[in-house]
Amino acid sequence: MDVYSLYFHVPFCQKRCYYCDFNTYAGMESWIPQYTDALCSEIEQVAGLAGEHLPVHTIFFGGGTPSLLSESNFAQILGTIERNYTLMPGLEASLEANPGTVSAASLRGLRKMGFNRLSLGVQSANPEELRLLGRIHDTTDVIQSVKWARQAGFDNLNLDLIYGLPDQTLETWQKTVETVLGLRPEHISMYSLTIEEGTLFHRWTQRGAISAPDDDTAAEMYEWACDRLEEAGYVQYEISNWARKDSAGNVLACRHNLQYWRSLPYLGFGPGAHGFAAGVRTANVTAIPAYIRKCRQTGHNQFPIGPASAETRAIDPLTEMQETMMVGLRLVDEGVFFTTFQERFGQSLEQVFGKQINKLCAQGLLEQVDGRLRLTKHGRLLGNRVFIEFV
């Protein structure tokens with residue numbers, strides 16, 4: 001039987017960052033009580049459609065800024081999850097938070113409720129860069145938040161960074177990385193800035209108010225960070241993610257995100273949340289009032305299509321194979337195993353994608369190692385060129 005992951009989208013923010021194109025809203029915190037009730041209704045309805053208590057091994061609250069919810073909000077949501085799903089031993093329970101929105105007391109409360117993995121959006125250690133991004137915190141907030149998290153008992157901590165910012169230099173990027181390494185998190189995520197339509201960054205770039213990211217400089221930043229994190233004892237297990245090993249030698253990868261990269265089933269709850277289960281991709285309505293209204297209705301949906309679903313798409317076997325390659329090859333060491341692919345789809349990798357594999361191996365972008373196909377070190381820099389071959 002499949003083991004599931006649950007994702008909960010919390011769309012509230014104190015301030016919308018200038019580069020953000022996620023489904024987030026500032027100044028709507030008064031909707032949180034109604035949102036919480038709606039989320040619990042959605043959780044119950046989707047569980048009822050499954051006809052059984054599905055086994056769950058990871059839950060993840062993302063946003064937005066989940067740390068804006070109160071302890072009572074979380075208690076209501078977590079209680080609903082526990083009543084409707086079978087939470088497996090060793091459950092990974094992750095929460096995203098912005099430095100500056102947490103306190104020693106709130107982190108103690110979250111840890112006591114069962115959250116055991118915390119992800120802090122640091123982005124930069126440079127004050128000018130933080131102002132450019134529209135962040136509400138400074139580096140002092142980051143250091144204080146990490147200290148409070150440790151005191152609360154969080155021993156699995158991720159720090160998020162962004163590189164390739166307009167006019168960012170290699171030197172300021174190196175300072176950010178060194179600052180984060182000094183905090184000794186178990187996990188580090190680094191993402192290259194992309195200018196998305198509809199964001200302030202896009203409008204500013206169009207007007208010439210800020211310069212577009214420089215791809216060559218961003219590549220230099222990425223390569224330097226790869227080497228520096230390896231030197232510091234971190235294992236790169238995904239294109240944008242690094243983790244330390246625990247005392248038993250296990251890489252402290254984000255198990256929830258591994259569910260995505262291995263193309264395994266997950267359910268998405270909340271405005272704009274996406275899911276993939278039973279061969280169907282789902283996407284919820286994005287607006288908070290519409291989401292609340294839909295969750296108050298009870299219909300005759302079929303699992304995994306919940307009351308707030310706005311889009312559903314049945315995935316045919318070829319599309320699922322293509323998606324498995326695109327996300328699986330992001331796992332830089334694990335890649336895609338030949339035997340796993342054969343067992344899942346009843347066809348070999350060579351039968352389905354032989355032409356693409358031969359081409360990319362000849363170009364030095366893919367390699368076959370110990371029964372699996374994975375990106376070469378050079379291929380990690382050109383991942384999109386690889387992935388598009390499988391679409």
Side-chain angles (χ1 to χ4, degrees), residues 9-29 31 62-68 96-101 119-142 159-177 179-180 189-225 239-240 271-274 283 285-290 310-311 381-385 387-388 391:
H9 189 69
V10 182
F12 305 98
C13 282
Q14 287 183 340
K15 176 186 177 185
R16 188 171 168 82
C17 297
Y18 304 148
Y19 60 92
C20 179
D21 74 329
F22 293 157
N23 187 46
T24 60
Y25 305 89
M28 293 186 69
E29 290 91 333
W31 289 84
T65 311
S67 46
L68 291 179
E96 288 184 343
N98 284 346
T101 67
S119 180
L120 292 171
V122 176
Q123 316 315 1
S124 172
N126 181 285
E128 289 77 20
E129 290 171 358
L130 289 172
R131 279 195 291 274
L132 173 68
L133 292 167
R135 303 294 289 177
I136 63 170
H137 72 269
D138 59 25
T139 303
T140 304
D141 293 324
V142 173
L159 301 182
D160 270 345
L161 302 176
I162 299 179
Y163 63 93
L165 306 179
D167 301 319
Q168 186 180 32
T169 65
L170 180 62
E171 289 70 29
T172 60
W173 169 241
Q174 289 172 333
K175 179 187 172 186
T176 288
V177 173
T179 299
V180 164
S189 298
M190 298 183 180
Y191 300 103
S192 178
L193 176 71
T194 54
I195 305 292
E196 303 288 355
E197 285 193 35
T199 64
L200 274 174
F201 262 30
H202 184 258
R203 293 198 286 278
W204 291 346
T205 305
Q206 297 289 92
R207 293 206 313 261
I210 60 173
S211 58
D214 181 79
D215 291 342
D216 291 337
T217 303
E220 185 181 7
M221 291 174 178
Y222 179 79
E223 290 185 285
W224 178 85
I239 287 178
S240 302
H274 290 241
V285 292
T286 55
I288 294 171
E311 297 175 32
L381 287 169
L382 302 168
N384 287 339
R385 184 191 297 182
F387 306 148
I388 202 166
V391 177

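The first residue of the sequence shown is numbered 1, and numbering continues consecutively from there. The figures that follow rest on heavy atoms only: side chains count, while hydrogens, waters and symmetry mates do not.
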Determine the minimum heavy-atom distance between [X] and [Y], stating which atoms define it.
X      : Y      : answer
Thr176 : Ala125 : OG1-N, 2.9 Å
Asn23  : Thr286 : ND2-O, 3.0 Å
Ser211 : Pro166 : O-CB, 3.2 Å
Gly134 : Cys17  : O-SG, 4.1 Å
Trp224 : Gln174 : NE1-NE2, 3.2 Å
His9   : Ala273 : CB-CB, 4.2 Å

(message) Could you tell me if Gln14 and Thr101 have a donor-acceptor pair between their side chains, going purely by distance under 3.5 Å?
(response)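 Gln14 and Thr101 do not have a side-chain donor-acceptor pair below 3.5 Å.
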(request) For Phe22, look at atom CZ and say whether over 12 heavy atoms of other residues, nucleotides or ligands are found less than 6.0 Å away. (result)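 Counting neighbours around CZ of Phe22, 12 or fewer heavy atoms of other residues, nucleotides or ligands fall under 6.0 Å, so no.
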(message) Take a 6.0 Å sphere around CD of Glu171 and say whether it holds more than 12 heavy atoms from other residues, nucleotides or ligands.
(response)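 Result for CD/Glu171: enclosed.
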[X] vs [Y] side-chain heavy atoms within contact, under 4.5 Å:
X      : Y      : answer
Arg135 : Asn98  : yes
Leu381 : Glu223 : yes
Cys13  : Ile136 : no

[atom1]-[atom2] distance between [X] and [Y], expressed to the nearest 0.5 angstrom:
X      : Y      : atom1 : atom2 : answer
Trp31  : Ile288 : CH2   : CD1   : 8.0 Å
Arg203 : Ile195 : CZ    : CD1   : 12.0 Å
Leu132 : Phe201 : CG    : CZ    : 4.0 Å
Glu129 : Thr172 : CD    : OG1   : 4.0 Å
Thr205 : Leu200 : OG1   : CG    : 10.5 Å
Thr169 : Asn126 : OG1   : CG    : 8.0 Å

(message) For the backbone of Pro99 and the side chain of Asp141, can you confirm whether one donor and one acceptor N or O come within less than 3.5 Å of each other?
(response)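 Here the side-chain-to-backbone pair does not exist.
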(request) Verify, without hydrogens or angle tests, whether Ser240 (side chain) and Ser189 (backbone) share a donor-acceptor contact under 3.5 angstrom. (result)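 Flag not set: sc Ser240 to bb Ser189 has no pair under 3.5 Å.
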(message) Walk me through whether Leu133 and Leu165 qualify under side-chain contact (heavy atoms from CB on, under 4.5 Å).
(response) CA-CA 9 Å; Leu133 292 167; Leu165 306 179; 3.8 Å; yes
(request) Would you please name every residue forming a side-chain contact (heavy atoms from CB on, under 4.5 Å) with Ala283, sequence neighbours left out? (result)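 By the side-chain contact (heavy atoms from CB on, under 4.5 Å) rule, Ala283 matches His274, Glu311.
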(request) Before giving the answer on side-chain contact (heavy atoms from CB on, under 4.5 Å), spell out for Val177 and Tyr163 the whole-Å C-alpha distance, their side-chain angles and the decisive distance to 0.1 Å. (result) CA-CA 10 Å; Val177 173; Tyr163 63 93; over 6 Å; no
(request) Determine, stepwise, if the pair Asp21 / Tyr19 fulfils side chain to side chain donor-acceptor pair (under 3.5 Å). (result) CA-CA 7 Å; Asp21 74 329; Tyr19 60 92; over 6 Å; no
(message) Run the side-chain contact (heavy atoms from CB on, under 4.5 Å) test on Ile162 and Ser124 for me, step by step, so that the C-alpha distance in whole Å, both residues' side-chain angles and the decisive distance to 0.1 Å come before the verdict.
(response) CA-CA 7 Å; Ile162 299 179; Ser124 172; over 6 Å; no
